[in-house]
Number of protein chains: 2
Amino acid sequence: MLEINPDWTGKRLELIETAGQLFANSGIDGVSIREIAEKSNVNIASINYYFGSKENLYTESLRYVAWQVRCPLAQKILQDESIDYSSKEQCIEIIRKLIGERIQNYLSDKYPAWYSRLLLRSLIEPPPKCEDIIFQTFIPEFNALVEVLMRCNPANTLAKCRFWAFSILGEISFYVFAEPGIKLALNIAEKYTQKFLSQLQEHITSLILKGLDLKEE
Amino acid sequence: MLEINPDWTGKRLELIETAGQLFANSGIDGVSIREIAEKSNVNIASINYYFGSKENLYTESLRYVAWQVRCPLAQKILQDESIDYSSKEQCIEIIRKLIGERIQNYLSDKYPAWYSRLLLRSLIEPPPKCEDIIFQTFIPEFNALVEVLMRCNPANTLAKCRFWAFSILGEISFYVFAEPGIKLALNIAEKYTQKFLSQLQEHITSLILKGLDLKEE
DNA sequence: GTTTAAATCAAACGATTGTTTAATTATTTT
DNA sequence: AAAATAATTAAACAATCGTTTGATTTAAAC
């Protein structure tokens, strides 16, 4: 798992927040350190003073948002020995919560929208030294999600549960990085509403439950 | 719909193919025209001679790949008056084909992998003058897909069919832009195999059919 | 074969890039 | 209060950026 960085404070944090937002919108090469310095109200040299290089600032911004929007619920659930996976109702509730956590952390106003956007941008264009952060963020969460899905219905194969896990992660991610197109298609302005997000949670949950043959009705 | 460009020939096409691949990997700001010229074995000035600017070259590359990987099947199906949507088997086959077309065009070796990567990158980071291409590519295909889903089961609401359409588009897109992470998680090397892609097609189709209450068994 | 247009080229343009320097100011430590 | 460390600054660094120029070569048109 990703480790917390004690230096996410003061001027360093300010720079991370300002630069991260710019990086999320335009990529590391689309932003100049002068633009970052100007919007942060610091001298250009401060970036190298605090982070050593522009690249390090990007890496730190990524590590920061990856930590912020992480979804450790699946791991917690796996360690909870009081869970009875033979109870259909409990399994349904677990899956609903897992999907809900990711939707809230990625799509709601709990965090600024650029947090998840920077994270997903780094997936399609992993800058140097960022692969570790990406993989340490996604792989453990993915594996834990797969594990939970398998426990909820042991009759399903590993291959199937992996597909379902990607269905969950993929669809939610799509609402992040295709946001402009989606809002145009749905005629939505500004942010996703909580009502829309709970509908989305219901939709994905229902989809997965039917796939797992857990849906009652 | 997007229009074909008669200038996708000769040196112009060579430049588009070379530059597009670089753009897909590193973004418009991550590639220099000198790098493009070198890998295309042309003079630096040729880029401005043929396209006017680097930005125009990006736009043309995007228009080119958007045309190549477009999925017009849904529109064709809508215009086919011989289709009987009360036939469950026919509806299942249509949905399977729709999903299959997108998977083939986005993920198989039918086209170079960077085609779809450039398209999706442009979704999260739309360069100037590219919004039109993006929207003309995705929105009509999305709307057609929604329309087909509604005809297959008129009992479903528009809102639900939109969610399902995004489930299809989102999950397939995820396999494009999260490719490095997915291959690490699944321990896959090189390209997705056709076997894997047909499993994926089966998985998504099954998911949607269950959601539409069309799945027999 | 002559003329026109298209294509290619090396070279240079001004602007901007990330980074570094060295001096100065602020803050903390002793 | 003196010394030492941390933080901030303006200025300059070499390198690279996208673009343009003007000359040269190639191809097409008459």
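Computed from heavy atoms alone, side chains included, the values below leave out hydrogens, waters and symmetry copies. Letters A, B, ... are given to chains in the order of the sequence lines, protein chains preceding strands, and every chain is numbered from 1.
Taking atom CD1 of residue A/I47 and atom P of nucleotide C/dG18, one finds them 8 Å apart after rounding to whole Å. In this structure, A/D29 places its CG atom 15 Å from C1' of D/dA15, rounding to the nearest Å. If you measure from atom CD of B/E38 to atom P of D/dT16, you get 12 Å, rounded to the nearest angstrom. Between the CG atom of B/N56 and the P atom of D/dT20 there is a distance of 11 Å, given to the nearest Å. What separates OH of A/Y49 from P of C/dA23 is a distance of 18 Å, to the nearest Å. The separation between B/K11 atom NZ and D/dT26 atom C1' is 11 Å, rounded to whole Å. Here the P atom of nucleotide C/dT16 and the CD atom of A/E35 are 13 Å apart, to the nearest Å. When rounded to the nearest whole Å, the span between CG of A/N48 and C1' of D/dC13 equals 13 Å.
Ranked by how close their nearest DNA chain D nucleotide is to the 5' end, A/S46 and B/E55 are led by A/S46.
The closest donor-acceptor contact from the side chain of B/R70 to the backbone of B/W67 lies under 3.5 Å.
Considering only side-chain N and O atoms, A/N43 lies nowhere under 4.0 angstrom from the phosphate OP1 or OP2 of D/dA7. The side chain of A/K54 places no N or O atom within less than 4.0 Å of a non-bridging phosphate oxygen (OP1 or OP2) of C/dT17. Between B/S32 and D/dC17 there is a side-chain polar atom (N or O) within less than 4.0 angstrom of OP1 or OP2.
Not less than 6.0 angstrom separates the ring centroid of A/F138 from the ring centroid of A/F142. The aromatic ring centroids of A/Y58 and A/F51 lie 6.0 Å or more from each other.
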Fill in: Pair A/R102-A/N105, side-chain contact (heavy atoms from CB on, under 4.5 Å): steps then yes or no
CA-CA 5 Å; A/R102 197 161 272 274; A/N105 288 9; 5.9 Å; no

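Closest to the A/I44 side chain, of the nucleotides C/dT19, D/dT19, C/dA6, is C/dT19. Minimum atom distance to the side chain of B/R34 is reached by C/dA12, of the listed C/dA12, D/dT9, D/dT21.
Nucleic acid contact for B/Y50: sugar-phosphate only, since backbone atoms but no base atoms lie under 4.0 Å from a heavy atom of the residue.
Donor-acceptor pairing under 3.5 Å is lacking for the side chains of B/Q104 and B/Y111.
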